[in-house]
Amino acid sequence: EGCDGNASVAASSFATGSDGSCTCTGAVENLHFQFHFGLVSDVVSITKVNVSYSIQDIYSAGCQSLRVQQGGSVHFLQDQSGSQLVEARSGNPGYITGLPLLVADCTLVDGSCNYGGRRDATVPGILPGGKCALLNASTADTQEVKINFGENAIFGCILDLTRAELKSLCGGTALANGFVGYLKMLPFGSTGSSWTQIAAFGSVPNDAQDSADFVQVEESPRTETLAFTDSDAAQKASTSTCTGAVVGVELEVIYSSFGK
C-alpha cells in the first residue's frame, strides 16, 4: 500500500485466542521512503516525498515471544523535468563555506617545496579598535582576522597621521621600503615572509608534503614610488596627497566544485 498527503498507516489490533495464542493484525512489515529533489529558484529543494508500506499478521502459539522481521529503505531521486540537473558533490575533501581557508609556507630544499604546518589563513596587523599595527612595533595586541572559504570580505585598518608625519613618511627617506615595509598588514607572500601556498582541499593533513595538495599563490609584481604633494594651500593631511603608495592587498581565490 502507499501513503500520500495526510494518509496514515491503519492502527494494528491485538487479540488472544481461546487456545492461548496471540495475534497481532496489521503490523507494519516494511516501510519505504522516496525523496524527490530538484532545483527550485536555483536552490536544491525536496519537491515530493513518497511513502510505501506493507503490513503483516503476526501469530504466536501460546503467546510466546518471537522474532518479527521488519524492513525499510530510503531513496533520493532527482527530478528530471528541469533543464538544469543537480550535480552531486563530495562533502569531503571539499572545503565548507564559512570555515577558514587553509594555508602553508614553502621552504625550498633542493629545488622542491618543504611545506610547513597547515594553518588557518589570517589577515595580520589590525589592532583592537581598528588601528594599524606597525611592522616593527613590539605589540601582542594585534588581531589576526581569519579568511573564510567562500566568503567575500574586506579587511582594513586606520593609520592616523598629521600632515607633518605624512610628509615625513611619504616625501622623506623614512620609508625606504614604502608602506609595505611600514604597516604589518601589507607584507604578503614570499616577499613578506607570509604563507605562499593554499591547501587545495579542506582535508589536507597537517603534515602533507605532496605538491598536489597545495596551490601556489601567484604574486603580481609591485613597486612603490612615493611622492608627496606639498603646497602652501595644503595645510592639513586631508588636503595633502601621497601618491604611489601600496595601501592594500587583493587576494583572489578561484575554486570549483569537486566530485562527480
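Since we're looking at a predicted model, the values are computed, not measured.
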The residue among Arg118, Gln197, Arg119 that forms side chain to side chain contact (heavy atoms under 4.5 Å, CB included) with Val103 is Arg119
- Please report the C-alpha distance between Tyr59 and Leu66 in whole Å, then the side-chain angles of each, then the deciding distance to 0.1 Å, and finally whether the side chain to side chain contact (heavy atoms under 4.5 Å, CB included) criterion is met. CA-CA 9 Å; Tyr59 174 83; Leu66 74 162; over 6 Å; no
In short, Ala200 meets Ala212 closest at the heavy-atom pair CB-O, 4.0 Å
Q) Side-chain heavy atoms under 4.5 angstrom apart, residues restricted to Ile, Leu, Val, Met, Phe, Trp, Tyr: same cluster for Phe76 and Val49? A) yes
For Cys132 and Leu159, the nearest pair of non-hydrogen atoms, with its separation, is SG-N, 3.9 Å
To the nearest 0.5 Å, atom CD1 of Ile126 lies from atom NZ of Lys131 at 14.5 Å
Checklist line | Side-chain heavy atoms of Thr122 within contact of Ile147, under 4.5 Å | finding: no
The reported gap from CG in Leu102 to CD1 in Ile198 (rounded to nearest 0.5 angstrom) is 10.0 Å
Once you measure the plane-to-plane angle for Phe188 and Trp195, does it fall in the parallel (<30°), tilted (30-60°) or perpendicular (>60°) bin? perpendicular
Residues passing the side chain to side chain donor-acceptor pair (under 3.5 Å) test with Thr23, sequence neighbours excluded, are none
Is there a donor-acceptor contact under 3.5 Å from the side chain of Glu165 to the main chain of Thr162?
yes
Are Leu134 and Leu226 joined in one hydrophobic group, where the rule is that I, L, V, M, F, W and Y side chains link up if heavy atoms are under 4.5 Å apart?
yes
Value for NE2 (His32) from CG (Asn50), rounded to nearest 0.5 Å, stands at 13.0 Å
Centroid-to-centroid, Tyr115 to Phe214, below 6.0 Å?
yes
Check: Which is it for Asp110 and Ser112 under the side-chain hydrogen bond (donor to acceptor under 3.5 Å, both in side chains) test, yes or no, and what are the steps along the way?
Finding: CA-CA 6 Å; Asp110 297 329; Ser112 299; over 6 Å; no
Check: Counting only N and O atoms by type, is there a donor-acceptor contact under 3.5 Å from the side chain of Glu224 to the main-chain atoms of Phe179?
Finding: yes
Distance col, row Arg67:CZ vs Ile58:CD1, nearest 0.5 angstrom, shows 14.0 Å
- Item | Worked check of side chain to side chain contact (heavy atoms under 4.5 Å, CB included) between Leu108 and Cys113 | CA-CA 5 Å; Leu108 288 177; Cys113 265; 4.2 Å; yes
Would you confirm whether Gln209, through its side chain, and Asn114, through its main-chain N or O, come within 3.5 Å as a donor-acceptor pair?
no
Smallest heavy-atom separation, Ala104 atom then Gly116 atom, equals CB-O, 3.7 Å
Phe14 and Cys63 have their tightest heavy-atom pair at CZ-SG, 4.4 Å
### Query
Mind checking whether Phe228 and Val247 sit in one hydrophobic cluster, side chains of I, L, V, M, F, W, Y counted as touching below 4.5 Å?
no
- Side-chain donor or acceptor of Glu29 paired with backbone N/O of Tyr53 under 3.5 Å: no
One should read off an interatomic distance between Ile55 CD1 and Cys24 SG, to the nearest 0.5 angstrom, of 10.0 Å
Looking at side-chain heavy atoms only, is the closest gap between Asn148 and Leu101 below 4.5 Å?
no
message: When you group the ILVMFWY residues by side-chain heavy-atom contacts below 4.5 Å and let the links chain together, are Val74 and Phe37 in the same group?
response: yes
Worked verdict on His75 versus Ser73 for side chain to side chain contact (heavy atoms under 4.5 Å, CB included): CA-CA 7 Å; His75 291 90; Ser73 65; 3.7 Å; yes
query: Hey, are the side chains of Cys157 and Leu127 touching, using non-hydrogen atoms and a 4.5 Å cut-off?
result: no
With heavy-atom distances below 4.5 Å as the criterion, would you say the side chains of Phe33 and Val51 are in contact? yes
Q | Donor-acceptor pair between Asn30 and Ser54 side chains, under 3.5 angstrom | A | yes
Checklist entry - Do His36 and Thr47 have a side chain donor and acceptor closer than 3.5 Å? => result no
- Task: Give the intermediate values and the outcome of side chain to side chain contact (heavy atoms under 4.5 Å, CB included) for residues Val68 and Gln56.
- Result: CA-CA 10 Å; Val68 177; Gln56 61 183 327; 3.7 Å; yes
Between the NZ atom in Lys167 and the CG atom in Leu161, the distance rounded to the nearest 0.5 Å is 14.5 Å
Note to self: Quick check on Gln69: does its CD atom have over 12 non-hydrogen neighbours (other residues, nucleotides or ligands) under 6.0 Å away?
What the structure shows: no
Taking every heavy atom of Ala61 against every heavy atom of Ser21, the minimum-distance pair comes out as CA-CB, 4.2 Å
- Examine Leu135 and Leu169 and state if one hydrophobic cluster contains both, with Ile, Leu, Val, Met, Phe, Trp and Tyr joined whenever side-chain heavy atoms are less than 4.5 Å apart. no
For Asp213 and Ala208, the nearest pair of non-hydrogen atoms, with its separation, is OD2-CB, 3.8 Å
